[in-house]
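See below for the structure under consideration.
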Number of protein chains: 2
Amino acid sequence: MATLRDVAKLAGVGSGTVSRHISGTGSVSQKSAEKIARAIEQLNYRPNSMARSLSSRRSDLIGVWVPSLEGPYYHMMIRAIESELRLQGKHMILANAEDAQSNEDRLAHLDYLINRDCDGILVSSSLQSEFELARYAEKFPNLVVINHRTDELAGRTFSIDHDLGGRLAARHLVELGHTRVATITGRLSAQDARQRHVAFLDEMERLGHPVAPERIIEGAFSYAGGESAVAALLTSGADYSAVFCGNDKVAMVLIAELHRRGVSVPGDVSILGYDDVEFTPFTAPALSTIHAPIEEMSRSACHQLLNLTYGLDLPYQEHFEPSLCVRQSTGPSCQ
Amino acid sequence: MATLRDVAKLAGVGSGTVSRHISGTGSVSQKSAEKIARAIEQLNYRPNSMARSLSSRRSDLIGVWVPSLEGPYYHMMIRAIESELRLQGKHMILANAEDAQSNEDRLAHLDYLINRDCDGILVSSSLQSEFELARYAEKFPNLVVINHRTDELAGRTFSIDHDLGGRLAARHLVELGHTRVATITGRLSAQDARQRHVAFLDEMERLGHPVAPERIIEGAFSYAGGESAVAALLTSGADYSAVFCGNDKVAMVLIAELHRRGVSVPGDVSILGYDDVEFTPFTAPALSTIHAPIEEMSRSACHQLLNLTYGLDLPYQEHFEPSLCVRQSTGPSCQ
DNA sequence: TCCAAAAGTGGGATCGGTTCCATTTTTGAC
DNA sequence: GTCAAAAATGGAACCGATCCCACTTTTGGA
């Protein structure tokens, strides 16, 4: 493989000139530029990215930490991030902490990114205590958090107003006449799950239809977690005309199980999801849900990370509002 | 940030000794090892990965090229690959060619990986002509292809026997008594889509129930492609008691649309998918499908790539067999 | 034509590891 | 206690860029 100095020699110029020509910084005369271009062509030269990184002290690598890669949620995030990064000529490396057993393990995944000398890091976490992000964020200024909000990290957290989301859910169901409403939540130790849940309960109460405790099932945002929560709900004996699910995956599992039992949706029970992931138009019936602008949030987080890391000035926004998205899985209460 | 030489100085040993201690190659006395460990601890030393890469001429980066990141298929692949790579201390960088407009664009995405000095590259492509992989593979010995089979690249292509898959589909439907069977295919320019389609048609014919041309819709393996293919099928006026869909995404779209129209699955029409992605147990009704061992294939491809690239000896297998996975979306023909 | 400012240039030092090699130290069989 | 083989060691050269700086050339206004 030809090196920059080979190019310089062949072109009959100094190595600095070639470097300047390639990186586009500094000035190079027309004549030199042509000679260099020719030499590059002739030698089939390609700059060595490691040497470049070492000497410029920038890896052009952005680390992305996700707690899981199951289901469409994080996929949508990664898809959005990858495309933003590519636009800026950066590369994403991924750490999926899904198989981590302990908190220590989870941090080890973060170290896996840091040890790789990422220029910046995107963390998608809704966990609070478990994972002392703040401590990391302090050591690592180019770290930004998606789907979480803390004041200590102002300007570096990107979030959706799940309080509003929870309330929109409650209002929608109540407007349809549902008074006996059940809910399956995510793990309540996660900020996003708790927030929407608490707001949902509060809004239901405010609207005069408090949710009875036996109608609340704490689940988890995974297919398996959804399955057991759904089973718990269906065997609990609780009665309800609508179920608000903490995310779309759980709603999908619930619809499938109700179908299996011959329960009609929304005829017998209305189902409302949350997130509005990729597949929501294609459940049967199509899932009514709270649209969370996951991709916009991810892109914003990415932009701001790039700004912090490379001194760019890309547009971004820290907080986003969810909106109601009515499809076919919710309907008027038939009581 | 402390450097290796700082560590050496503090520990009172030579830089070579520290290097050997860290990388675990070569021998270091107990006594030196302890002094070095202490110095590392004290200086909070972390090796610089770029310097390491430059001098060892290995980036520990594996590039992964995918044609799209929509839907669960490629995500399952990436999830499997990421976990294998992490096990070996390697990092994945991703190029999603989904937004590529032209063939040139697609190749540019590959170059994006190559320019990054990836040690090895995994390409997931089922496209034949469009994308002259062979030429790249020649220049780049550490390149391996997932979900494609070519003899020129023997030992470096990993595939599923979609011929068998197509036949299993036909047999299942015929065994259930279906004689009027429709099918929605993927783009037939893709090897995997064509293979299963051709085999399906052939097997149907062999079983005495050739598929009439008006019951064949060429679609694409995306939600949007699924939607238009489904619309085409439903407005075509063709009659059928079962539909074989080229992948699960399309099957899901079809189930949703049939639900909307009040058509019962499998009561009125049986639906058979292909791939057995993540969500198949959770459609309503749960999707019968041809299970394609995507994750195993991805892991094998990854293993072999690591073998080629780093001289490892991980177990792998080049070709995989699909199997029938019966759930609730297929049932006996009621004619 | 002159001259200061601007543009362009070459090459050496540097980034922080790995690797090689000549040299020293340790080991253990006799 | 001797000595050859094995283990351990230090340091210089190297990987291939970037970046700085002192120097030369070009530019254009007076």
Side-chain angles (χ1 to χ4, degrees), chain A residues 1-40 43-61 89-91 114-119 310-311, chain B residues 1-40 43-61 89-91 114-119 310-311:
Chain A
M1 201 68 218
T3 72
L4 180 141
R5 267 174 259 269
D6 295 334
V7 172
K9 204 169 297 168
L10 182 60
V13 301
S15 59
T17 308
V18 178
S19 176
R20 263 171 280 135
H21 174 262
I22 288 168
S23 60
T25 67
S27 43
V28 173
S29 70
Q30 183 73 28
K31 208 160 54 172
S32 298
E34 275 163 20
K35 284 190 291 181
I36 292 169
R38 209 154 7 187
I40 287 178
L43 293 171
N44 198 15
Y45 167 76
R46 210 167 41 70
N48 178 305
S49 71
M50 305 150 192
R52 187 193 286 249
S53 291
L54 176 59
S55 117
S56 67
R57 349 189 98 267
R58 93 162 30 170
S59 64
D60 288 327
L61 246 32
K90 308 304 175 191
H91 291 266
I114 292 180
N115 287 337
R116 188 52 175 153
D117 294 311
C118 291
D119 292 337
Y310 303 108
Chain B
M1 200 69 217
T3 72
L4 180 140
R5 269 175 256 267
D6 296 333
V7 172
K9 204 169 297 168
L10 181 59
V13 301
S15 59
T17 308
V18 177
S19 177
R20 264 171 279 138
H21 174 263
I22 288 167
S23 59
T25 67
S27 42
V28 172
S29 70
Q30 183 73 28
K31 208 161 53 175
S32 297
E34 276 163 19
K35 284 190 292 183
I36 292 169
R38 210 152 7 187
I40 287 178
L43 293 171
N44 198 14
Y45 168 77
R46 209 167 42 70
N48 178 306
S49 73
M50 304 150 192
R52 185 193 285 247
S53 291
L54 175 59
S55 100
S56 66
R57 348 188 100 266
R58 91 162 33 171
S59 63
D60 289 326
L61 246 34
K90 309 302 176 193
H91 290 265
I114 292 179
N115 287 337
R116 184 66 215 201
D117 295 312
C118 291
D119 293 337
Y310 303 109

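Nothing here was measured: the structure is a model prediction, and the numbers come from that model. Throughout, protein chains are lettered first and strands after them, A, B, ... in sequence-line order, and every chain is numbered starting at 1.
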Counterpart residues, ring-ring contact (aromatic ring centres under 6.0 Å, His included), relative to B:H21 (two or more places apart):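 B:H21: no ring-ring contact (aromatic ring centres under 6.0 Å, His included) contacts found.
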By side-chain hydrogen bond (donor to acceptor under 3.5 Å, both in side chains) - contacts of B:S59 (at least two apart):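 Expected list: B:D119.
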For A:Y45, side-chain hydrogen bond (donor to acceptor under 3.5 Å, both in side chains) partners two or more places apart: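 By the side-chain hydrogen bond (donor to acceptor under 3.5 Å, both in side chains) rule, A:Y45 matches no residue at all.
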Sequence-distant partners of A:T25, side chain to side chain contact (heavy atoms under 4.5 Å, CB included), two or more places apart: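 Here the qualifying residues are A:R20, A:S23.
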Interatomic distance, B:I22 atom CD1 to B:I40 atom CD1 [nearest 0.5 angstrom]: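 Here the rounded value is 4.5 Å.
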Quick test: give all pairs of protein nitrogen or oxygen and nucleotides 8-16 of chain D nitrogen or oxygen below 3.5 Å, distance rounded to 0.1 Å.
from   : atom 1 : to    : atom 2 : distance (Å)
D:dA8  : OP2    : B:S27 : OG     : 2.9
D:dT9  : OP1    : B:S29 : OG     : 2.8
D:dT9  : OP1    : B:S32 : OG     : 2.3
D:dT9  : OP2    : B:S29 : N      : 3.0
D:dG10 : OP2    : B:G14 : N      : 2.5
D:dG10 : OP2    : B:T17 : OG1    : 3.0
D:dG10 : O5'    : B:G14 : N      : 3.4
D:dG10 : N7     : B:R20 : NH2    : 3.3
D:dC15 : O3'    : B:R57 : NH2    : 2.4
D:dG16 : OP1    : B:R57 : NH2    : 2.7

What donor-acceptor contacts under 3.5 angstrom involve side-chain atoms of residues 31-38 of chain A, with partners at least two apart or in another chain?
from  : atom 1 : to    : atom 2 : distance (Å)
A:S32 : OG     : A:S29 : OG     : 3.1
A:E34 : OE2    : A:Q30 : NE2    : 3.1

Side chain to side chain contact (heavy atoms under 4.5 Å, CB included) between B:L61 and A:R116, worked out: CA-CA 10 Å; B:L61 246 34; A:R116 188 52 175 153; 2.7 Å; yes
All N/O donor-acceptor pairs, side-chain side in residues 3-14 of chain B, below 3.5 Å, sequence neighbours left out:
from : atom 1 : to   : atom 2 : distance (Å)
B:T3 : OG1    : B:R5 : N      : 3.2
B:T3 : OG1    : B:D6 : N      : 3.3
B:T3 : OG1    : B:D6 : OD2    : 3.4
B:D6 : OD2    : B:T3 : N      : 2.9

5' to 3' contact window, DNA chain C with chain B (heavy-atom distance under 4.0 Å):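 The footprint of chain B covers C:dG16 to C:dT19.
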Strand DNA chain C as a dot-bracket string - pairs counted if Watson-Crick or G-U with both distances under 3.5 Å, | where the partner lies in another strand: ||||||||||||||||||||||||||||||
Of all pairs that satisfy side chain to side chain donor-acceptor pair (under 3.5 Å), the ones with a partner from residues 48-58 of chain A, not counting sequence neighbours: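 For residues 48-58 of chain A, and leaving out neighbouring residues, the side chain to side chain donor-acceptor pair (under 3.5 Å) pairs sorted by first residue read A:S49-B:D117.
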